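Take a look at the structure set out below.
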Amino acid sequence: MELREAIRKRRSVRRYREESVSRELLENLLETACWAPSAENEQPWYFVALADPQELRNLQQTMERVSEDMKVHLEKLLPKHPRIVAETTNFLRRLGGAPVCILVFLQKDYGAARDSMLESTAAAIQTLLLAAHEQGLGTCWINAATHLGYGAVIRELYAPDKGELVSLVTLGWPERMPFSAARKPDRWVIR
């Protein structure tokens with residue numbers, strides 16, 4: 001698969017088949033993600049891949065609270081779209097049934113360099129998403145837990161000696177691939 005094709009066809013998957021991802025494939029994806037560019041070559045990311053069913057159930061307990069808080073937010077934002085609210089909150093609660101959830105942390109508190117390190121970590125996440133897509137896997141980049149204040153709870157459970165939780169990424173074999181949304185106009189200019 002060519003890179004341009006991978007970028008255009010990768011979609012956020014929110015429903016996964018009950019099929020595990022091999023440890024070898026997971027290690028390969030995480031190693032590939034670590035080749036992302038980073039400010040000052042700091043490589044500030046730290047990944048915790050949860051593949052054990054009990055670990056995923058433990059995370060889902062926190063995600064149930066995230067889902068409840070997100071429901072309140074979405075009902076205000078999308079009052080005429082209860083189906084979208086229900087689908088989104090169900091996805092958050094169960095993580096789409098993904099057999100793997102990757103927690104992405106900063107290595108430490110970077111102080112004034114935080115923005116650069118977050119950008120670097122986002123590059124590593126995008127590299128992970130594309131590498132997974134190339135292998136036929138689906139992913140979804142989730143920030144609800146951090147936006148709703150649950151980052152510290154998840155950090156304490158899985159990486160208390162690291163910096164802040166940046167994001168979660170669900171990963172697995174897609175039950176179905178979502179359709180591509182149209183791209184919005186007026187997003188770039190050449191001068």
Side-chain angles (χ1 to χ4, degrees), residues 1 5-36 45-71 84-106 121-148 150-151 153-160 162 164-181:
M1 177 182 311
E5 179 185 4
I7 292 169
R8 287 177 167 229
K9 290 188 174 181
R10 194 214 67 81
R11 295 275 124 339
S12 293
V13 171
R14 292 179 177 85
R15 292 175 67 184
Y16 299 89
R17 297 191 318 244
E18 290 184 26
E19 184 178 338
S20 65
V21 175
S22 74
R23 183 177 182 94
E24 179 183 1
L25 180 52
L26 188 52
E27 287 174 355
N28 182 284
L29 294 172
L30 293 168
E31 192 269 336
T32 299
C34 290
W35 282 94
W45 47 77
Y46 185 77
F47 299 104
V48 175
L50 303 179
D52 177 83
Q54 185 58 51
E55 292 286 1
L56 289 167
R57 282 191 292 276
N58 293 343
L59 177 61
Q60 286 173 355
Q61 290 177 359
T62 300
M63 294 307 292
E64 284 179 23
R65 291 183 290 166
V66 171
S67 175
E68 290 167 12
D69 288 356
M70 181 56 81
K71 182 178 181 183
I84 293 172
V85 172
E87 287 175 359
T88 302
T89 55
N90 187 48
F91 166 70
L92 289 172
R93 185 178 303 108
R94 294 191 58 252
L95 298 170
V100 177
C101 187
I102 300 170
L103 312 176
V104 186
F105 297 87
L106 289 176
T121 303
I125 294 169
Q126 176 71 350
T127 301
L128 173 68
L129 301 181
L130 291 172
H133 179 69
E134 179 187 42
Q135 297 298 316
L137 289 159
T139 54
C140 189
W141 186 343
I142 307 170
N143 292 317
T146 55
H147 290 304
L148 295 171
Y150 290 90
V153 172
I154 295 171
R155 175 182 173 236
E156 192 59 35
L157 289 171
Y158 298 102
K162 299 300 174 195
E164 72 183 282
L165 175 71
V166 174
S167 190
L168 288 78
V169 177
T170 56
L171 179 121
W173 304 103
E175 187 173 291
R176 63 179 169 79
M177 281 304 260
F179 291 105
S180 174

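Please read all numbers here as calculations on a predicted model, not as lab measurements. Index from 1, following the sequence.
- Under 3.5 Å, the side chains of Glu24 and Asn28 contain no donor-acceptor pair of N or O atoms.
- Looking at Leu130 and Ile7, their side chains come closer than 4.5 Å, going by heavy atoms from C-beta outward.
- Listed by first and then second residue, the salt bridge (charged side-chain N to carboxylate O under 4.0 Å, His left out) pairs involving residues 84-101 are Arg83-Glu87 (not counting sequence neighbours).
- In this model, no donor atom of one side chain and acceptor atom of the other lie less than 3.5 Å apart for Gln60 and Arg57.
- Considering only heavy atoms from C-beta on, Asn58 comes within 4.5 Å of Tyr158 through its side chain.
- The minimum heavy-atom distance between Leu56 and Ala98, with the atom names listed, is CD1-O, 3.8 Å.
- Here Glu68 pairs with nothing under the side chain to side chain contact (heavy atoms under 4.5 Å, CB included) rule; sequence neighbours left out.
- Panel note: side chain Ser67, backbone Met63; no donor-acceptor pair is recorded below 3.5 Å.
- Under the 4.5 Å side-chain criterion, counting only non-hydrogen atoms from C-beta, Val104 is not in contact with Leu128.
- Looking at residues two or more places apart in sequence or on another chain, you find no side chain to side chain donor-acceptor pair (under 3.5 Å) involving Tyr46.
- In this view, Ala132 and Leu29, Leu137, Thr139, Leu171 satisfy the side chain to side chain contact (heavy atoms under 4.5 Å, CB included) rule, not counting sequence neighbours.
- Remark: Glu156 engages no residue in a salt bridge (Lys or Arg N to Asp or Glu O under 4.0 Å) (not counting sequence neighbours).
- Residue pairs meeting the side-chain hydrogen bond (donor to acceptor under 3.5 Å, both in side chains) criterion with at least one member in residues 96-105: none, sequence neighbours excluded.
- Scanning for salt bridge (Lys or Arg N to Asp or Glu O under 4.0 Å) contacts around Glu175 gives Arg15, with sequence neighbours left out.
- Applying the salt bridge (Lys or Arg N to Asp or Glu O under 4.0 Å) test to Arg65 and every residue at least two apart in sequence or in another chain returns nothing.
- Remark: Thr89 pairs with no residue by the side chain to side chain donor-acceptor pair (under 3.5 Å) rule, at least two apart or across chains.
- Taking the side chain as every heavy atom from C-beta outward, Leu106 and Lys162 never approach each other to under 4.5 Å.
- By the 4.5 Å heavy-atom criterion applied to side chains, Trp141 and Ser12 are not counted as neighbours.
- Among residues two or more places apart in sequence or in another chain, the side chain to side chain donor-acceptor pair (under 3.5 Å) test is passed with Glu18 by none.
- Residues Thr170 and Phe91 come closest through the heavy atom pair OG1-CZ, 4.0 Å.
- Evaluation of the side chain to side chain donor-acceptor pair (under 3.5 Å) rule for Arg176 yields no partner, not counting sequence neighbours.
- Judged as a salt bridge (Lys or Arg N to Asp or Glu O under 4.0 Å), and not counting sequence neighbours, the contacts of Arg23 are Glu27.
- When side chains are defined from C-beta on, Ile102 does not count as touching Ile125, because their heavy atoms never get closer than 4.5 Å.
- Counting only heavy atoms from C-beta outward, the side chains of Trp35 and Thr127 never approach each other to under 4.5 Å.
- Within the 4.5 Å cutoff, the side chain of Asn143 has heavy atoms near those of the Ser167 side chain.
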